[in-house]
Number of protein chains: 2
Amino acid sequence: MADTALRLNAAVTVDLVVLTVRDDRLSVLVVRRGGAPFRGRWALPGGFVGEHEDLAEAAARELQEEAGIGAIQAHLEQLATYGSPRRDPRGRVVSTAYLALLPGLPEPCAGTDASDARWAYADDIIDEPAYLAFDHHRIVTDGVERARSKLEYSPLATAFCHDEFTVAELRRVYEGVWGVTLDPRNFHRKVTGTPGFIVPTEQTTTRDGGRPAQLYRRGEATLLHPAMLRP
Amino acid sequence: MADTALRLNAAVTVDLVVLTVRDDRLSVLVVRRGGAPFRGRWALPGGFVGEHEDLAEAAARELQEEAGIGAIQAHLEQLATYGSPRRDPRGRVVSTAYLALLPGLPEPCAGTDASDARWAYADDIIDEPAYLAFDHHRIVTDGVERARSKLEYSPLATAFCHDEFTVAELRRVYEGVWGVTLDPRNFHRKVTGTPGFIVPTEQTTTRDGGRPAQLYRRGEATLLHPAMLRP
DNA sequence: GGAATAGTGTCTCTAAGACATTATTCT
DNA sequence: AGAATAATGTCTTAGAGACACTATTCC
């Protein structure tokens with residue numbers, strides 16, 4: 001009813017920090033901007049929120065449109081909102097960033113309407129603050145930090161793995177995201193000893209060479225007890 | 001320049017989850033709404049973001065205006081953003097919630113322009129989903145959960161204490177926020193053994209009766225190692 | 001002295017880190 | 001056989017929880 005009282009004071013958008021582990025390194029999806037401002041520069045995928053859309057819906061739609069990734073395959077969670085009055089030269093743009101985590105894909109990247117898209121190593125982006133447009137460097141930094149710390153106390157590392165995975169693959173996720181090396185034997189004991197983290201399937205694989213490895217799926221746990229502590 | 005391209009599609013507001021520990025219980029500040037919609041109902045303090053304001057600035061201003069609390073005394077951090085298209089009957093309102101943590105105040109509550117304000121026990125609010133207007137029940141739930149989990153791995157519990165505090169006072173913060181009782185002796189050993197958490201002053205106090213207690217201030221640590229684990 | 005609270009010490013058990021050993025595949 | 005990887009086992013040590021005991025105030 002009282003539409004009169006409401007004054008629209010901002011343009012609301014969503015931006016996506018899409019993370020995966022490629023070549024054993026944490027990587028971020030970046031797209032080349034097709035329009036002003038910052039035309040031709042690299043930036044995070046994102047766009048305006050539709051009139052009848054929830055923020056999370058808009059994020060899932062952008063993930064599909066700009067990266068060709070169905071939301072079912074990806075873990076998607078809200079990261080933070082950036083609303084400095086000068087963050088976009090066009091005017092007051094308030095952007096809610098979402099964090100998306102995906103398994104490493106066989107195809108190089110995306111087949112979609114984004115004029116150009118590629119994976120960049122997260123550390124390279126973080127080390128080069130002027131590489132991305134707008135305040136996207138800060139958003140990536142926040143997203144990477146969120147992912148790194150959530151690996152400790154949540155089973156989120158499995159979001160970087162395919163449906164079935166080996167303990168070694170899960171370990172390489174931790175190593176790639178944290179940028180460390182972990183003792184395979186202690187890691188195996190810890191991860192299989194944490195209730196609800198991963199559950200064995202009936203199958204094994206030799207895709208890594210050597211002795212066949214047990215395949216696992218994600219478990220039901222939402223919090224890890226005990227946690228996987230960063231060295 | 002290109003103001004033309006920008007279409008304002010939402011009203012952006014901030015809402016505050018102001019938490020403190022009163023009577024050894026976690027409490028939330030709620031205000032009575034003076035205007036439509038939900039006039040007369042209880043809600044979180046908050047308001048529209050000014051044209052040239054950052055989101056955090058708007059949150060600090062609202063904290064001062066609606067609760068009479070200077071941002072210097074309070075810990076203030078962004079919680080999450082709520083933007084369901086139907087969350088406000090007036091139209092598209094996207095609200096970024098901030099979490100504010102304060103020491104228990106001597107004065108009952110606030111002396112300010114909010115027509116009416118009071119402290120409610122967090123558990124009572126959480127147990128009564130229809131008590132607050134809009135989607136504020138969800139916001140409080142998220143804020144309380146954030147506070148509870150951050151006590152584990154950050155020194156945030158000191159934000160609920162005054163400048164100088166005893167170990168027992170800090171313990172009662174943990175007990176009140178988590179709703180548990182902790183062994184005073186193990187708590188003392190843990191908290192004094194965690195580097196950078198709290199630093200002793202030269203003074204003692206007998207305000208709790210019994211043997212004088214050492215007074216402490218917050219330390220420099222930003223992350224607790226080892227963490228204070230919830231039972 | 002007795003009540004109240006502060007602070008230290010001791011014991012046990014879980015879990016983390018370092019590292020050896022065995023198991024099962026492939027070439 | 002030898003290389004590669006998977007999985008289990010052992011030892012040491014840090015830290016959590018349970019709980020006894022000592023210390024310092026007020027009445």
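In the text below, chain A, chain B and the rest are named by the order of the sequence lines, each starting its count at 1.
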Scan the side chains in residues 151-159 of chain B for donor-acceptor partners under 3.5 Å anywhere in the protein, sequence neighbours excluded, and list what turns up.
{"unit_1": "E152(B)", "atom_1": "OE1", "unit_2": "R230(B)", "atom_2": "N", "d": "3.3"}
{"unit_1": "E152(B)", "atom_1": "OE2", "unit_2": "R230(B)", "atom_2": "NE", "d": "3.2"}
{"unit_1": "E152(B)", "atom_1": "OE2", "unit_2": "R230(B)", "atom_2": "NH2", "d": "3.3"}
{"unit_1": "S154(B)", "atom_1": "OG", "unit_2": "K150(B)", "atom_2": "O", "d": "2.8"}
{"unit_1": "S154(B)", "atom_1": "OG", "unit_2": "L156(B)", "atom_2": "N", "d": "3.2"}
{"unit_1": "T158(B)", "atom_1": "OG1", "unit_2": "P155(B)", "atom_2": "O", "d": "2.8"}

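- Residues satisfying the side-chain contact (heavy atoms from CB on, under 4.5 Å) test with A56(B), not counting sequence neighbours, are Y98(B).
- A close approach under 4.0 Å does not occur between any side-chain nitrogen or oxygen of H188(B) and OP1 or OP2 of dA6(C).
- Every side-chain contact (heavy atoms from CB on, under 4.5 Å) that S95(A) has, sequence neighbours left out, goes to T13(A), D15(A), R87(A).
- Taking the side-chain contact (heavy atoms from CB on, under 4.5 Å) definition, one finds that P212(A) meets it with T204(A), T206(A), sequence neighbours left out.
- Checked by atom type and distance alone, the side chain of H75(B) never pairs as donor or acceptor with a backbone atom of A100(B) at under 3.5 Å.
- Within the structure, salt bridge (charged side-chain N to carboxylate O under 4.0 Å, His left out) contacts touching residues 195-207 of chain B (residues at least two apart or in different chains) are E169(B)-R207(B).
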Base versus backbone protein contacts along nucleotides 18-26 of chain C [heavy-atom cut-off under 4.0 Å; B, S, -]:
BBB--BBB-
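- Ion pairing between R25(A) and D23(A) fails under the 4.0 Å rule for side-chain N and carboxylate O.
- Screening residues 170-207 of chain A for ring-ring contact (aromatic ring centres under 6.0 Å, His included) gives Y174(A)-W178(A), Y174(A)-F187(A) as the qualifying pairs, with residues at least two apart or on separate chains.
- Residues from residues 215-231 of chain A that place a heavy atom under 4.0 Å from any atom of DNA chain D: there are none.
- The pair D142(B)-R146(B) fails the salt-bridge criterion, with no side-chain N (NZ, NE, NH1 or NH2) lying under 4.0 Å from an Asp/Glu carboxylate O.
- Residues forming a side-chain contact (heavy atoms from CB on, under 4.5 Å) with A60(B) (at least two apart in sequence, or on another chain): A71(B), L76(B).
- By the salt bridge (Lys or Arg N to Asp or Glu O under 4.0 Å) test, R41(A) pairs with no residue at all, sequence neighbours left out.
- Within residues 163-178 of chain B, no residue approaches DNA chain D, by heavy-atom distance under 4.0 Å.
- Nucleotides of DNA chain D lying under 4.0 Å from heavy atoms of chain B occupy a range whose first and last members, 5' to 3', are dA16(D) to dT25(D).
- Electrostatic pairing of R61(B) and E57(B) does not count as a salt bridge here, judged by no charged N lying under 4.0 Å from a carboxylate O.
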